[in-house]
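Following: one structure in structure tokens, then a few remarks.
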Amino acid sequence: MHEIRCEIDTEFRGAEVLADLGWRWLTEGAERLEGESFPAVLDSTGQVEESVKKSVPCGPPGSLWGFLSAHIVSRGRISRRSRVLTRKNLPMLRKWLSLDVQLAQTAVYRLDDRGMPGEELLRMGVARDESSRGWVRLSAETPERRFGPAAQASMTQLLRDFSQEVDPSYAQVGYGLSLGRTEHEERVGPPLPSMTLPDSRRLLRGYEWLMVIPREIAAKLGGGDGIAAAGDFHRVETLRDGAVLLQVTPEFDGYTGEAIERTWQLVRPALRPGMPRRYDSDPGGPPSRIRYADIV
């Protein structure tokens with residue numbers, strides 16, 4: 001089963017800003033995407049606290065269970081902290097976010113018939129990796145089977161609202177790929193997102209069904225009006241700081257063939273050059289959603 005990943009990239013603007021932004025993304029964002037399931041996890045009973053550290057049943061079979069965690073940098077070393085996701089433990093997440101956080105997450109699972117974590121329903125993340133400490137990545141991942149019209153609408157609005165606030169250097173909703181790469185990065189390069197983030201206001205990291213084109217690149221493409229006039233796109237919205245939210249088709253599954261071509265033609269001047277590589281070694285991977293052509 002493929003994963004759907006939402007990501008928003010922006011510059012790190014200080015620990016206090018990150019603590020507030022991260023808290024709202026990991027909690028309010030999770031509730032907006034999961035609806036009643038997230039409060040149900042927080043208020044559930046019978047969850048086993050030690051289950052985040054030991055391979056023991058986490059709670060009643062078939063119930064919802066989750067965790068919150070953080071990787072914190074202290075004196076050059078990384079300490080890992082985790083708790084079961086309950087309302088009682090939530091204050092720990094706020095405390096961790098006030099420290100030098102490298103990664104903070106909340107996740108929700110459905111327990112299997114043994115009371116062990118089964119299918120992951122949602123994972124929210126706030127990340128700053130060692131090689132791109134000047135940047136923040138907000139992410140949300142959910143299984144494709146759960147990404148119907150209602151979930152698409154919720155994730156679209158979440159991406160739009162947080163992008164309106166943080167002036168992103170890039171944002172998108174697409175298939176989840178290894179290391180958090182976009183498909184353009186995976187097939188054209190360079191190999192790590194930390195290598196493209198510093199240039200992400202000059203060169204687009206990728207292009208997808210739903211994306212936010214940063215204000216610097218949007219201006220070169222003619223702004224919201226120029227982008228809207230360039231193709232038959234479902235939604236074009238200029239955000240507060242001049243970035244442009246682009247939704248190519250009404251639904252995620254409609255982003256194929258001609259829709260991909262239309263999007264590539266629009267963003268072509270802002271993409272990193274190179275012929276995309278084809279990989280035949282992973283037949284179980286998600287379908288490709290880029291154009292196989294160099295921009296030159």
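Of the possible donor and acceptor atoms, none in the side chain of Trp135 sits under 3.5 Å from a partner among the backbone N and O of Asp129. Judged by distance alone, the side chain of Tyr207 and the main-chain N or O of Ile290 form no donor-acceptor pair under 3.5 Å. Proximity of a side-chain donor or acceptor of Asp167 to a complementary backbone N or O of Asp241 within less than 3.5 Å is not detected. Ser154 places a side-chain N or O within 3.5 Å of a backbone atom of Ala150 that can act as its donor or acceptor partner. Judged by distance alone, with hydrogens and angles left aside, the side-chain atoms of Thr10 form a donor-acceptor pair with the main-chain N or O of Val166 at under 3.5 Å. Judged purely by atom type and a 3.5 angstrom limit, Trp209 uses its side chain to pair as donor or acceptor with the backbone of Glu251. A donor-acceptor pair is defined here as one N or O able to donate and one able to accept, closer than 3.5 Å; no such pair exists between the side chain of Asp199 and the backbone of Arg202. Between the side chain of Gln47 and the backbone N or O of Leu64 there is at least one donor-acceptor pair closer than 3.5 Å. Looking at Arg262, its side chain does come within 3.5 Å of a backbone N or O of Asp232 through a donor-acceptor pair. In this structure, the side chain of Glu237 does not engage the main chain of Leu246 through any donor-acceptor pair within 3.5 Å.
Checking Glu185 against Thr196 by side-chain atom types alone, a donor-acceptor pair falls below 3.5 Å. Between Thr156 and Gln247, the side chains place no donor N or O within less than 3.5 Å of an acceptor N or O (distance only, hydrogens not considered). For the residue pair Ser131/Ser194, the side-chain donor-acceptor check at 3.5 Å is satisfied. Tyr292 and Arg187 form a side-chain donor-acceptor contact under 3.5 Å, judged by distance and modelled atom types alone. Judged by distance alone, the side chains of Arg181 and Ser178 do bring a donor and an acceptor atom under 3.5 Å apart.
In terms of heavy atoms, Phe252 sits closest to Gln152 at N-OE1, 3.0 Å. Residues Glu183 and Arg289 come closest through the heavy atom pair OE1-N, 2.8 Å. Looking at every heavy atom in both residues, Leu121 comes nearest to Glu34 through O-OE2, 4.0 Å. Minimum interatomic distance between Leu179 and Pro193 (heavy atoms only, all atoms of both residues): O-CG, 3.3 Å. For the pair Glu120 and Pro143, the tightest heavy-atom approach, listed with the atom from each and the gap, is O-CG, 3.2 Å. Closest approach of Ala270 to Ile217, counting heavy atoms only: CB-CG2, 3.5 Å.
Side-chain contact between Glu31 and Pro39 is present, with at least one heavy-atom pair separated by less than 4.5 Å. Proximity of Leu18 to Val136: side-chain heavy atoms (C-beta onward) are separated by under 4.5 Å at one or more points. In this structure, Thr86 and Leu68 have side chains that are not in contact, with every pair of non-hydrogen atoms separated by 4.5 Å or more. Side-chain contact between Tyr170 and Leu197: absent, with no pair of heavy atoms (C-beta onward) separated by less than 4.5 Å. You'll find the side chain of Arg137 stays beyond 4.5 Å of the side chain of Ile8, heavy atoms only. The side-chain heavy atoms of Ile78 and Ile72, taken from C-beta on, include no pair separated by under 4.5 Å. Side-chain contact between Ile227 and Thr238 is absent, with no heavy atoms from C-beta onward closer than 4.5 Å. You'll find the side chain of Val48 stays beyond 4.5 Å of the side chain of Cys58, heavy atoms only.
Note: Leu158 CG to Met155 CE = 7.5 Å, rounded to the nearest 0.5 Å. To the nearest 0.5 angstrom, Met195 atom CE is 10.5 Å from Arg272 atom CZ. The distance from atom CG of Leu111 to atom OG of Ser51, rounded to the nearest 0.5 Å, is 8.0 Å. Rounded to the nearest 0.5 Å, atoms OG (Ser163) and CG (Leu239) are 6.5 Å apart. Note: Leu210 CG to Arg160 CZ = 12.0 Å, rounded to the nearest 0.5 Å. Note that CD1 of Ile295 is 7.5 Å distant from CZ of Arg268, once rounded to the nearest 0.5 Å.
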Item to complete: Kindly indicate, with the supporting measurements, whether the criterion side chain to side chain contact (heavy atoms under 4.5 Å, CB included) is fulfilled by Leu138 and Asp9.
Response: CA-CA 7 Å; Leu138 309 179; Asp9 306 325; over 6 Å; no
Fill in: Step-by-step side chain to side chain contact (heavy atoms under 4.5 Å, CB included) determination, Ile4 to Glu141
CA-CA 5 Å; Ile4 302 298; Glu141 296 183 356; over 6 Å; no
Worksheet entry | Pair Glu144-Glu3, side chain to side chain contact (heavy atoms under 4.5 Å, CB included): steps then yes or no | CA-CA 5 Å; Glu144 184 179 13; Glu3 293 288 313; over 6 Å; no
Item to complete: Any chance you could lay out the side chain to side chain contact (heavy atoms under 4.5 Å, CB included) test for His184 and Glu208, step after step, and finish with the verdict?
Response: CA-CA 10 Å; His184 185 72; Glu208 252 297 348; over 6 Å; no
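A salt bridge links Arg133 and Asp100; the closest N-O separation between the charged side-chain nitrogens and carboxylate oxygens is under 4.0 Å. Between Arg201 and Glu216 there is a salt bridge, since at least one side-chain N of the basic residue sits less than 4.0 Å from a carboxylate O of the acidic one.
Cation-pi geometry between Arg5 and Tyr175 is not met at under 6.0 angstrom from the ring centre and within 45 degrees of the axis.
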